[in-house]
Amino acid sequence: MKRSDLYKRIYEAVRAIPRGQVATYGQIARMAGIGGQPRLVGYALHASSEEYDIPWHRIINARGRISPRGDSEWETHQRLLLESEGITFRTNGSVDLAEFGFDDLFYKPIE
DNA sequence: CAAGTGACGATGC
DNA sequence: AGCATCGCCACTT
C-alpha cells in the first residue's frame, strides 16, 4: 500500500543520511521535494517508523533537539543512538548545529 | 466535504 | 530563553 510517493521519497531521503550525521526535518523535506512542509516528514515517519529500516533517530528539529513526543524514554533512546554514532550533545541536552560542519547535505560533528 | 491533528519552522512578543 | 501564533499540507474522523 504505498500510502503515497511522498512517503516513499521521505523514507528514501532519511535512508540517505550517512551514519554519524544528522539532518533536520526541514532538510529532509527539501530533499524529498516538499520543502516548506517539514511537518509531513515527521508525520510520514511516525506513520511507519518501525515498519521500515530507516534511521529515524538521525532526524532532529531545527533547534538541534530531539522532538519531544510525550515519551521521554523514547527521547533518551534516540539520544543514546546518536551518541553511539558519534553525535555530541551539550550538557543541556541539545546539539549545537552551529558547531557542526555542513559536510554534504547533512550535519556532522566537527570533531 | 469540513474540521481536527501533527517527530516542524519562522516570527513576534 | 520560553511561549503563542500562523503557515503549510497530508491524513483521519
Side-chain angles (χ1 to χ4, degrees):
Chain A
M1 38 198 232
K2 85 178 188 94
R3 323 233 161 197
S4 144
D5 292 327
L6 189 53
Y7 278 37
K8 196 171 172 186
R9 281 197 191 175
I10 293 175
Y11 298 143
E12 291 299 311
V14 174
R15 222 173 277 168
I17 306 175
R19 184 176 178 287
Q21 296 191 223
V22 293
T24 66
Y25 295 90
Q27 282 182 282
I28 299 300
R30 238 181 305 162
M31 290 173 56
I34 56 170
Q37 279 65 259
R39 314 197 81 157
L40 302 185
V41 176
Y43 200 83
L45 272 124
H46 185 79
S48 44
S49 57
E50 303 184 15
E51 286 184 42
Y52 302 80
D53 188 28
I54 58 180
W56 58 270
H57 55 276
R58 297 189 188 134
I59 312 295
I60 58 182
N61 59 30
R63 298 178 192 152
R65 303 212 138 183
I66 308 295
S67 300
R69 84 167 74 88
D71 210 333
S72 57
E73 279 187 35
W74 211 233
E75 267 185 72
T76 305
H77 180 51
Q78 179 169 1
R79 170 169 172 169
L80 290 177
L81 283 174
L82 290 176
E83 289 183 324
S84 72
E85 292 190 354
I87 305 299
T88 56
F89 283 77
R90 299 177 97 185
T91 24
N92 59 356
S94 67
V95 179
D96 195 343
L97 293 179
E99 290 188 357
F100 272 43
F102 201 58
D103 207 33
D104 291 312
L105 301 157
F106 310 102
Y107 291 101
K108 152 179 133 175
I110 280 193
E111 192 53 7

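Letters A, B, ... are given to chains in the order of the sequence lines, protein chains preceding strands, and every chain is numbered from 1. Computed over heavy atoms, backbone and side chain alike; hydrogens, waters and symmetry mates excluded. On a predicted model such as this, the values are computed, not experimentally measured, just so you know.
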Checklist entry - Are OP1 or OP2 of B:dC8 and a side-chain N or O of A:Ser67 less than 4.0 angstrom apart? => result yes
Checklist entry - Roughly, in whole Å, what's the span from OH in A:Tyr11 to C1' in C:dA10? => result 12 Å
Next on the checklist: Rounded to whole Å, how long is the line connecting atom CD1 of A:Ile34 with atom C1' of C:dA10?
Outcome noted: 9 Å
Checklist entry - Under 3.5 Å, is there a donor-acceptor pair between the A:Tyr107 and A:Thr24 side chains? => result no
Checklist entry - Rounded to whole angstrom units, what separation is found between the CZ atom of A:Arg9 and the P atom of C:dA10? => result 12 Å
Item to check | Given DNA chain C, 5'-ward residue of the pair A:Gly36 and A:Tyr43, judged by closest heavy atom | outcome: A:Gly36
Next on the checklist: Holding to salt bridge (Lys or Arg N to Asp or Glu O under 4.0 Å), I want the full list of residues that pass it with A:Arg63, two or more places apart in sequence or in another chain.
Outcome noted: none
Next on the checklist: Regarding A:Glu12 and A:Arg15, does a basic nitrogen lie under 4.0 Å from an acidic carboxylate oxygen?
Outcome noted: yes
Checklist entry - Does A:Ser84 have any side chain to side chain contact (heavy atoms under 4.5 Å, CB included) partners at least two apart in sequence or in another chain, and if so, which? => result none
Item to check | Rounded distance in Å - NE2 (A:His46) to P (C:dA10) | outcome: 19 Å
Next on the checklist: Let's see if you can work this out: which of C:dC11, C:dC9, B:dC8 has an atom nearest to the side-chain heavy atoms of A:Tyr25?
Outcome noted: B:dC8
Next on the checklist: Please enumerate all residues that pass salt bridge (Lys or Arg N to Asp or Glu O under 4.0 Å) together with A:Arg19, with sequence neighbours excluded.
Outcome noted: none
Item to check | side-chain hydrogen bond (donor to acceptor under 3.5 Å, both in side chains) against A:Thr76, all qualifying residues, sequence neighbours excluded | outcome: none
Checklist entry - Once you round it to whole Å, what is the distance between P of B:dT5 and CG of A:Leu45? => result 22 Å
Write down the protein N/O and nucleotide N/O pairs, taken from nucleotides 1-4 of chain C, whose separation is under 3.5 Å; answer none if there are no such pairs.
none

Checklist entry - Is A:Leu40 touching bases, backbone alone, or none of the nucleic acid, heavy atoms closer than 4.0 Å? => result base
Checklist entry - Quick one: does A:Arg39 reach the base of C:dG7 with a side-chain donor-acceptor pair under 3.5 Å? => result yes
Item to check | A:Arg79: partners by salt bridge (Lys or Arg N to Asp or Glu O under 4.0 Å), with sequence neighbours left out | outcome: A:Glu83
Checklist entry - Could you give the CZ-to-P distance, from A:Arg30 to B:dA10, as a whole number of Å? => result 9 Å
Item to check | Nucleotide nearest A:Tyr7 when distance is taken to its side chain, options B:dG9, C:dC11, C:dC8 | outcome: C:dC11
